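Presented below is the structure to which this report refers.
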Amino acid sequence: MRHWKRLSAEQVDVERTLMCTLPVLRQGPLIPLLTPDSNYRAWVAVAHDSPLPWELLDDYRRMLGCEVDPIYVPRDDILMLLNQVFDMSSASAEQMLEDLSEDDDLNRKIEEVGDLLESEDDAPVIRLVNTLISQAMKDRASDIHIEPFELEVLVRFRIDGVLHTVVHPPKGVQAAMISRIKVMANLDIAEKRHPQDGRYRVKIAGREVDVRVSILPTAFGERVVMRLLDRSSKILTLPELGMSEPQFAQMRRVIRAPHGIALITGPTGSGKSTTLYAALMEVDRSNRNVMTIEDPIEYQLAGVAQMQVQPKIGLNFSTGLRSILRQDPDIVMIGEIRDLETAEIAIQASLTGHLVFATLHTNDALSAAIRLQDMGVEPYLLASSLMMVQAQRLIRRICPQCHTPRSSMAEDARVMEVALDELPVGTTIYEPNGCDHCMHTGFIGRIAIYEIFLITEALRNAIHGGLGWTELRHIAKDQGMRSLRQDGARHVRAGVSSVDEVLRVSTEEAIEIEA
């Protein structure tokens, strides 16, 4: 019996793999390999940590009409390569649109039939929608935008936080595409005047994907945005978030606190939920009652009671939070503070012995205190309960295959509003270029930058006194708080990202920093 330590894509027999269905191959799991003398024998990779699936091998032997030799390899290699093969075998969105455009009769039917359920020839449209979702997952997209205009329809993917145009479907396909998405999300296909929200779950190459659907009527038809969440993706731990050592120590200190409220702030898509999940993973859940209320529940955490917000039955953040506090929790995580009632309950919970984590939409960390006061929270309550505020953004990583090195100049530090010792002149930094590996964007993947401040006695007094943003900023700077751009300079200096990328996601500082 042969044992291989690793398995590469070049060793896979794609033609024979596609002769079988993906569910059957994943049962083993097993995958056919290229064999020197494939007429008489066939090599099949089998997971070395599971019993040999003799029945599957017999079925495969009968299918090929030759003997089969199993080779033991790591399970993860088989599953990864199976997904790659079946992803590559699926048609691209452009190919699907070519098929649609060639069939004029089909386009005419699609335009005439308003209800997709009544369409007799709906398979091409179903395949088109499925292909868009599959291609979005393959391209690492977080959102799919379907945008109707007067003479065309635009489909764009948000990849690493930036929108990219993918295809231009014909205008005649627009109504059928949107109807198909409504059917999948269990929405009213006859309602075209009011916004609708829904969700559904699909499985792509064995990966479960949650899709949140938002439909908005516009002048030229309904606009659709689909948010994709891969449930099989790994939850990052706190050390994997890319924090600096001081930031990591500050976060650890907060997690171990007995009570108080910690806020994670930033716009939509800045990784706030990922940070909160990572923080909860650090908690000793064996002897502490950890509960969350979320919209939606993005990942299932072992040992954590997670509640889903359901506005249709009146279960919002405030009502759900009241119920959670009757369950004797030690730690509570709130998906988002949206109103005064939720904010007041969270603060009261932190003052009565609970550790509370929550998210808030603000541009920087210090704006969180101002935002809560604008909501109506009393400054003395906020000063007594607030323990930490962290703002964060996601910056794109420069593609390592095509980046271009250059020496930093004094101008780089000036535009980033950081001191010269943060980005010394002559440091080797990199600019994006673009290649096939990164889809010609110059970037691949993302990493977070952070702005963290712990509430000191001086800041507590300033919040209690109702001081504004500028005064709070001066105090926080004096006590060592580093801005988002200063943290971004750390990644520029390390060659992870570029100056322009940090400037793209961060706001300008209101305080001059001397070189």
Side-chain angles (χ1 to χ4, degrees), residues 1-38 40-64 66-90 134-141 202-210 228-242 274 277-278 281 298-302 397 399-401 436-438 444-447:
M1 191 72 68
R2 296 183 180 91
H3 290 261
W4 291 355
K5 291 183 178 180
R6 302 300 302 175
L7 185 64
S8 65
E10 292 76 16
Q11 296 168 309
V12 174
D13 190 331
V14 176
E15 183 177 350
R16 283 179 167 172
T17 300
L18 294 175
M19 291 171 63
C20 308
T21 62
L22 180 60
V24 170
L25 293 174
R26 287 177 64 90
Q27 286 178 17
L30 54 83
I31 188 169
L33 303 177
L34 293 172
T35 312
D37 190 0
S38 57
Y40 300 99
R41 305 194 75 81
W43 290 352
V44 178
V46 180
H48 59 44
D49 60 346
S50 62
L52 193 63
W54 294 108
E55 293 181 1
L56 290 177
L57 290 178
D58 287 340
D59 292 341
Y60 189 61
R61 184 183 297 111
R62 286 192 293 270
M63 185 185 302
L64 296 180
C66 64
E67 290 300 313
V68 172
D69 288 339
I71 296 174
Y72 284 112
V73 299
R75 172 183 294 268
D76 290 344
D77 287 3
I78 298 177
L79 295 175
M80 178 188 69
L81 290 171
L82 281 174
N83 289 340
Q84 286 183 6
V85 169
F86 280 86
D87 275 348
M88 288 186 295
S89 68
S90 63
S134 177
Q135 184 174 333
M137 291 300 298
K138 195 181 342 180
D139 293 344
R140 302 176 296 104
V202 294
K203 186 172 284 190
I204 302 173
R207 299 155 61 189
E208 282 194 350
V209 180
D210 277 341
L228 308 178
L229 178 65
D230 187 355
R231 297 179 63 87
S232 63
S233 59
K234 176 179 175 290
I235 301 176
L236 296 179
T237 61
L238 208 57
E240 294 173 330
L241 293 182
T274 300
Y277 282 128
M281 293 283 285
E298 297 186 9
Y299 299 99
Q300 299 288 342
L301 295 177
R397 293 175 179 266
C399 175
Q401 305 288 335
D436 292 337
H437 181 65
C438 60
I444 184 165
R446 290 189 289 178
I447 191 170

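As the structure is a prediction and not an experimental result, all values here were calculated from the model. For reference, positions follow the sequence shown, starting with 1.
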*Measure the CG-CD distance between Asp230 and Glu298 for me, rounded to the nearest 0.5 Å.*
12.0 Å

_Between Leu301 and Met281, is there a side-chain heavy-atom distance shorter than 4.5 Å?_
yes

_I'd like to check Ile31 versus Val12 (side-chain heavy atoms, cut-off strictly below 4.5 Å). Are they in contact?_
yes

*Taking all non-hydrogen atoms of both residues into account, name the closest pair between Met137 and Leu228 and its distance.*
SD-CD1, 4.0 Å

*Once you round to the nearest 0.5 Å, how far does CD of Gln401 lie from CG of Asp436?*
10.5 Å

*Looking only at non-hydrogen atoms, find the nearest pair between His437 and Cys399 and report the distance.*
CD2-SG, 3.7 Å

*Taking all heavy atoms of Tyr299 and all of Tyr277, pick out the closest pair and write down the distance.*
N-OH, 3.4 Å

*Specify the closest pair of heavy atoms between Ile447 and Gly242, including all atoms of both residues, with the distance to one decimal.*
CD1-CA, 4.4 Å

_Residue of the set Leu7, Val44, Leu81 for which side chain to side chain contact (heavy atoms under 4.5 Å, CB included) holds with Leu33_ = Leu7

*So do Val68 and Pro32 actually touch side chain to side chain, heavy atoms under 4.5 Å?*
no

*Looking only at non-hydrogen atoms, find the nearest pair between Leu238 and Ala278 and report the distance.*
N-CB, 3.8 Å

*Grab the two heavy atoms, one from Thr35 and one from Trp43, that are nearest each other, plus how far apart they are.*
OG1-N, 2.9 Å

